[in-house]
Amino acid sequence: MVIPIPSSASDSELPCSYIPVADGPHSHSGAEPRPRLKKGVFVISCGLLLLFLSLFAFFNGQTQTLPNVSTWQPLSRGVSSGVSEKSTSLLNAYPWNNTMLSWQRTAYHFQPQNNWMNDPNGPLYYRGWYHFFYQYNPKGAVWGDVIVWGHAVSRDLIHWLHLPLAMVADQWYDKNGVWTGSATILPDGQVIMLYTGSTNESVQVQNLAYPADPSDPLLVDWIKYPSNPVLFPPPGIGAKDFRDPTTAWLTSQGKWRITIGSKLNKTGIALVYDTIDFKTYERVEGLLHAVPGTGMWECVDFFPVSNKSESGLDTSINGENVKHVVKVSLDDDRHDYYALGSYDEKNVKFTPDDSKNDVGIGLRYDYGIFYASKTFYDQSKGRRVLWGWIGESDSEYADVAKGWASVQGIPRTVTLDQKTGSNLLQWPVAEVESLRLRSDEFENLTVKPGSAVPLEIGTAAQLDIVAEFEIDKEALEKTVESNMEYKCSTSGGAAERGALGPFGLLVLADDDLSEYTPTYFYVVKGSDGHLKTFFCSDQSRSSLANDVGKKIFGSFVPVLKDEKLSVRILVDHSIVESFAQGGRTCVTSRVYPTRAIYGAARLFLFNNATEGTVTASLKVWQMNSAFIRPYHPDQRN
Ligand code: DQQ
């Protein structure tokens with residue numbers, strides 16, 4: 001069944017296995033007997049590998065005592081404290097074992113050593129170091145207890161040193177949590193941190209903090225301004241609806257301006273404040289932006305992008321050749337939305353270029369799991385970098401069992417798409433390429449309708465994949481026009497066959513395809529004869545376990561004349577980050593296979609279209625693990 005593909009394959013029509021991609025989600029329950037793999041030798045070697053790894057984990061003291069699955073109950077977390085839901089309520093707990101759970105930990109994405117993490121906070125570059133702060137529960141793998149600021153530093157955004165907690169909940173004004181905030185670097189190099197505190201009475205206030213020793217490039221110690229809070233919820237705004245101050249930008253009058261997310265009934269709003277010294281603030285009349293029906297705006301981000309160049313812009317830049325981006329994290333659906341538009345400084349107003357694509361109703365940074373994101377301007381490389389929190393979609397039971405929850409996406413550079421002018425491009429920072437090890441290259445593989453082709457690349461749990469696809473011209477011409485409405489999330493996933501899709505890659509698949517995660521294109525010929533392309537990721541058959549998320553994610557992706565379909569996929573154990581057409585549409589999935597793990601994780605090309613043959617060329621790198629470990633003083637340089 002498995003036909004090896006020589007890595008030098010070129011221009012040839014390859015023999016391929018005909019493995020129809022099965023219908024709908026798994027019906028298996030955790031207790032069902034597993035069908036046997038036919039490849040005896042492969043099974044034995046995987047078994048030995050798993051045994052070895054479990055023994056290794058055991059003797060390293062990493063084995064956890066799993067909570068009692070029959071008495072475990074999911075709890076709602078976050079909402080009662082005035083933030084969005086932080087837990088996933090999935091029942092039918094699967095009998096996870098330590099070998100499976102250990103595999104889920106990522107190798108090159110940022111994670112604390114243990115426990116719960118959520119939003120990225122105050123990212124900045126300072127004296128040769130990237131600083132990353134994050135929402136962290138030092139006491140457990142769930143959102144709750146008291147959230148504080150974790151802190152790590154890196155020379156390259158990839159290898160990290162964990163530092164002591166930057167700020168803990170030790171004041172009345174942040175007793176219930178040191179919540180999300182942003183950094184501003186003043187022209188003289190001073191670092192200002194503004195963050196939301198949830199007070200002893202759960203009122204959301206804004207607080208000021210600054211480095212205790214600005215000469216310390218690691219910024220280990222932080223001082224909270226003695227006269228905090230600097231801002232209380234203004235009249236008419238709910239005590240639990242006032243949070244997440246942005247990085248400040250300079251007005252033409254030399255004042256610093258920030259925006260803070262809130263809501264008025266069901267209208268999401270961005271309040272505006274001006275300050276000279278970050279200690280006293282003046283509320284600016286009106287709102288930077290408001291969109292009815294979008295609910296509470298969390299983690300607002302506001303920044304300029306150039307419509308002339310691919311360089312990033314400092315947050316204070318305005319004027320010609322500049323567009324502005326407003327990003328909000330919608331508390332109601334937990335997705336990050338953005339809009340491109342113009343910023344009228346005098347009237348303190350953001351106007352979207354396209355009101356149909358306004359914030360919260362149009363474009364998203366990512367159509368999978370990606371929330372509470374924040375950008376910063378990296379002055380060392382002249383780029384804007386985006387961080388996003390990638391939560392779990394397994395059960396809280398499993399999170400507690402593995403002792404950690406959440407990862408951060410690989411930081412992405414953000415630019416305006418100069419070709420379309422109507423969307424951003426997001427791309428993994430170039431530094432991630434330093435982790436690339438050996439690669440396999442496949443050129444012009446022909447993938448016939450209804451086939452899956454295994455790619456002989458060895459283990460497929462840590463990969464960087466770059467692929468291009470072309471549908472054969474005859475099929476494109478022959479396909480009849482239709483007025484079918486396609487939507488990744490509701491159109492049946494990779495199992496639903498159309499004339500020109502789905503086709504793409506099956507990542508984290510096992511040999512006999514009992515588990516796999518398709519990342520794919522689906523092309524539809526509209527009634528006007530134009531092709532419309534969708535980019536999706538289908539988790540419905542990603543795991544035999546039933547207590548994990550099985551959604552199908554994705555959206556439309558613009559494909560311009562003469563462009564091939566292209567995708568980049570970063571696979572890192574339980575996270576799959578995918579970028580289509582240079583980052584026009586991005587989808588991040590969390591997947592929790594039970595079999596397609598360790599040496600059994602494989603990669604396939606697939607084409608489940610009924611008419612179009614697809615030609616695929618790709619390069620696949622094995623990825624090294626990043627060094628992410630506690631800081632020791634001798635590692636300063
Ligand atoms: N997370 C923080 C809040 C923010 C929310 C609390 C978004 O400041 O609104 O952990 O996930």
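Ligands are counted one by one from 1 in listed order, and the atoms in each one are counted from 1 as well. The figures here come from the full heavy-atom set of this structure, side chains too, leaving out hydrogens, waters and symmetry mates.
Remark: ligand 1 atoms within the under-4.0 Å shell around heavy atoms of Asp244 are 3 (C), 4 (C), 8 (O), 9 (O).
At least one donor-acceptor pair under 3.5 Å links the side chain of Ser182 to the backbone N or O of Pro245.
Taking a 4.0 Å cut-off on heavy atoms, Thr196 fails to register as neighbouring ligand 1.
Not one N or O of Trp389 is nearer than 3.5 Å to an N or O of ligand 1, by distance alone. Residue Arg243 places at least one N or O, backbone or side chain, under 3.5 Å from an N or O of ligand 1. At under 3.5 Å, not a single nitrogen or oxygen of Trp179, backbone or side chain, sits near a nitrogen or oxygen of ligand 1.
The shortest distance between side-chain heavy atoms of Lys323 and Ser342 does not fall below 4.5 Å.
Closest non-hydrogen pair, Ala372 versus Trp389, comes out as CB-CE3, 4.1 Å.
Within the structure, the salt bridge (Lys or Arg N to Asp or Glu O under 4.0 Å) test picks out the following pairs touching residues 281-291 (sequence neighbours left out): Lys255-Glu282.
Residue Asp331 does not touch ligand 1, judged by heavy-atom distances below 4.0 Å.
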Compile the donor-acceptor pairs under 3.5 Å between side chains in residues 224-235 and protein atoms, sequence neighbours left out, one pair per line.
residue : atom : partner : partner atom : Å
Lys224  : NZ   : Val168  : O            : 2.5
Lys224  : NZ   : Asp170  : OD1          : 2.6
Lys224  : NZ   : Asp174  : OD2          : 2.7
Asn228  : OD1  : Leu208  : N            : 2.9
Asn228  : ND2  : Tyr173  : OH           : 3.3
Asn228  : ND2  : Leu208  : O            : 3.0
Asn228  : ND2  : Tyr225  : O            : 3.3

